[in-house]
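Worksheet for the structure shown next.
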Amino acid sequence: MSNLQPELSDEHFMARAIELAARGLYTTMPNPRVGCVLVSDGEVIGEGFHQRAGEGHAEVNALASADAARVRGATAYVSLEPCSHYGRTGPCCEALVNAGISRLVVAMQDPNPDVAGRGIAFCEAAGIEVKVGVCEAAAQQLNAGFVKRMRQQRPFVRVKLAASLDGRTAMASGESKWITGPAARRQVQRLRARSSAIISGVAAVLADDSRLTVRESESGLSSSEAGPLPLRVVIDSRLRLPPTASMLSEEGRTLVFTTARREPQAQALSSAGAEIIEVTASDDGHVSLAAVLSYLASEESCNEVLVESGASLAGAFMGQHLVDEVVIFMAPTLLGSTALPLFDMQLTQMSEQQRLVISDVRAVGDDWQIIARPV
């Protein structure tokens, strides 16, 4: 029997590059999450990932970890096309060419229209063999928010809800603490931590005096894993948020979206630290959610946003087809028929139902986490 090891595939090394990229899950915003693996003669000789905006990109970090002599003639596996422009760091495609690699394997092309294809073309022009599309689906999933912002000028919208087994989120009075257990709440903190912004309606904030923060004690993230504080976003057509709201005393920024700047409420909120942003109204007179998302993408470079609110705002996002993913934490409890539903949507016929595709179901402590995407 031969003792020779089978040759490892491009998929094997790219899977490692994507695994490295995921280490920047909470920290790379607004940049994409990228990993790089350098391989020579079937052996990994260097690895790197992008951790924070303004710091070294994955390719540069991988090159720095490798013996320069062994890099010449090596293959570079990168989860996203190497950048070709000068920003806060130099072009990674030039760094790879100058290092002398002979082959480049890329999971996905950069979705940024100002960049897409240029890094690949630069390497090909330098005589490097290039292969694109290895483990592409996994790479795109990791950077779903960056892809959405680059291609559609909107962030990826994730709606989080906690529910009872009979699909209720709170008692009729609004009381909702706590439906789910500690493990589910820890997972929610991590969803917050990976998001560029947390969005809530003013009614939910008034009911709970929500702070919309990432609670370090619950998230379990170390200081090196934690990223920038997500923006706190309140949808508040009539500026009902009080200047004494607890979130305004927290570190970080609070953006209040309204349809008209009303004085003296606006001045009082501004003095308390809120940023008042006036956007167009929808047909029903409420804040245009599409306008909010457009602003967050264009002005704040938000890749992923987390909607944490009551049934009304969740229903509005869903009804306007603005939801990319729903995360429901379902607890083994019953709240009864008078309790509040998951989504406030006035559907009257079966033909109006909104279908979803469930992509993942798993136990989280004593609760269940269900991830689904609208069809």
Side-chain angles (χ1 to χ4, degrees), residues 26 29 145 154-164 167-171 174-216 218-219 221 227-236 240-241 245-248 250 252-257 274 286-287 289 292-293 296 300 302-320 322-331 339-345 364 367 369-374:
Y26 306 104
M29 301 171 283
R154 285 187 184 176
F156 184 92
V157 177
R158 181 178 288 113
V159 175
K160 187 281 298 182
L161 295 159
S164 61
R168 304 290 172 163
T169 60
M171 304 309 292
E175 181 186 358
S176 62
K177 293 184 178 180
W178 294 98
I179 296 175
T180 55
R185 294 199 293 275
R186 179 174 183 270
Q187 186 66 10
V188 169
Q189 293 302 309
R190 294 195 166 207
L191 287 177
R192 288 184 176 186
R194 68 176 291 174
S195 302
S196 303
I198 305 169
I199 302 177
S200 188
V202 68
V205 175
L206 291 174
D208 298 332
D209 193 21
S210 312
R211 293 178 181 267
L212 302 184
T213 58
V214 178
R215 296 190 287 273
E216 184 178 343
E218 285 190 33
S219 71
L221 297 174
L229 295 172
L231 295 170
R232 295 182 292 271
V233 175
V234 181
I235 309 299
D236 187 3
R240 292 191 291 148
L241 184 71
S246 294
M247 68 171 60
L248 297 178
E250 293 286 346
R253 297 167 60 201
T254 299
L255 279 56
V256 180
F257 285 85
H286 294 132
V287 167
L289 300 180
V292 171
L293 295 178
L296 292 176
E300 300 292 346
C302 291
N303 292 334
E304 299 178 20
V305 299
L306 181 66
V307 178
E308 281 199 70
S309 192
S312 295
L313 187 61
F317 268 99
M318 184 66 75
Q320 295 173 39
L322 298 174
V323 177
D324 296 294
E325 184 175 273
V326 177
V327 181
I328 299 174
F329 293 94
M330 184 161 283
L340 301 178
L342 281 166
F343 296 93
D344 185 359
M345 300 172 65
V364 180
D367 307 308
Q369 176 185 269
I370 302 170
I371 299 177
R373 295 192 174 188

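Keep in mind the model is a prediction, meaning the values are calculated, not measured.
- With a 4.5 Å cut-off on side-chain heavy atoms, Q369 and V327 count as touching.
- Using a 4.5 Å heavy-atom threshold, the side chains of M247 and V234 count as touching.
- Separation of atoms NE2 (H286) and OG (S312) is listed at 8.5 Å; rounding is to 0.5 Å.
- With hydrogens and angles disregarded, no donor-acceptor distance shorter than 3.5 Å links the side chain of D236 to the backbone of V256.
- Residues passing the ring pair (Phe, Tyr, Trp, His ring centres under 6.0 Å) test with F156, sequence neighbours excluded: none.
- Side-chain atoms of D367 come within 3.5 Å of backbone N or O of G181 as a donor-acceptor pair.
- Heavy atoms only, all atoms of each residue included: A170 and A339 are closest at O-CB, 3.1 Å.
- Note that CD1 of I371 and CD of E325 are 5.5 Å apart. Values are rounded to the nearest 0.5 Å.
- L296 places a side-chain heavy atom less than 4.5 Å from the side chain of L255.
- Across all their heavy atoms, V323 and P374 have their closest contact at O-CG, 3.5 Å.
- At a threshold of 4.5 Å between non-hydrogen side-chain atoms, the residues V305 and V233 do not count as touching.
- Here R373 contributes atom CZ and R158 contributes atom CZ; the two are 8.0 Å apart, rounded to the nearest 0.5 Å.
- Using a 4.5 Å heavy-atom threshold, the side chains of R185 and F329 count as separate.
- Between the CG atom of L212 and the CG atom of L229 there is a distance of 12.5 Å, given to the nearest 0.5 Å.
- Contact of the I199 side chain with the F257 side chain is not registered, since no non-hydrogen atoms from C-beta on lie closer than 4.5 Å.
- E218 has no carboxylate O lying under 4.0 Å from a charged side-chain N of R192, or vice versa, which leaves the two without a salt bridge.
- Remark: L342 CG to S164 OG distance equals 7.5 Å, nearest 0.5 Å.
- Considering CD1 of I370 and CG of L161, their distance stands at 11.0 Å, rounded to 0.5 Å.
- Although no hydrogens or angles enter the test, the distance criterion places no donor-acceptor pair under 3.5 Å between the side chain of T254 and the main chain of L248.
- Residue A162 comes nearest to I179 through the heavy atom pair O-CD1, 4.0 Å, listed as atom of the first residue, atom of the second, then distance.
- Across every non-hydrogen atom of S309 and G201, the tightest pair is OG-N, 3.1 Å.
- A 6.0 Å sphere centred on CD of E216 holds no more than 12 heavy atoms belonging to other residues, nucleotides or ligands.
- Residues M29 and E304 are not in side-chain contact: their nearest non-hydrogen atoms beyond the backbone lie 4.5 Å or more apart.
- Using a 4.5 Å heavy-atom cutoff, the side chains of L293 and F317 are in contact.
- Closest non-hydrogen pair, P230 versus S195, comes out as CB-O, 3.3 Å.
- Nearest heavy-atom pair, R194 versus Y26, reported as atom, atom and distance to 0.1 Å: N-CD2, 3.6 Å.
- Salt bridge status for R232 with E250: absent, with no side-chain N to carboxylate O gap under 4.0 Å.
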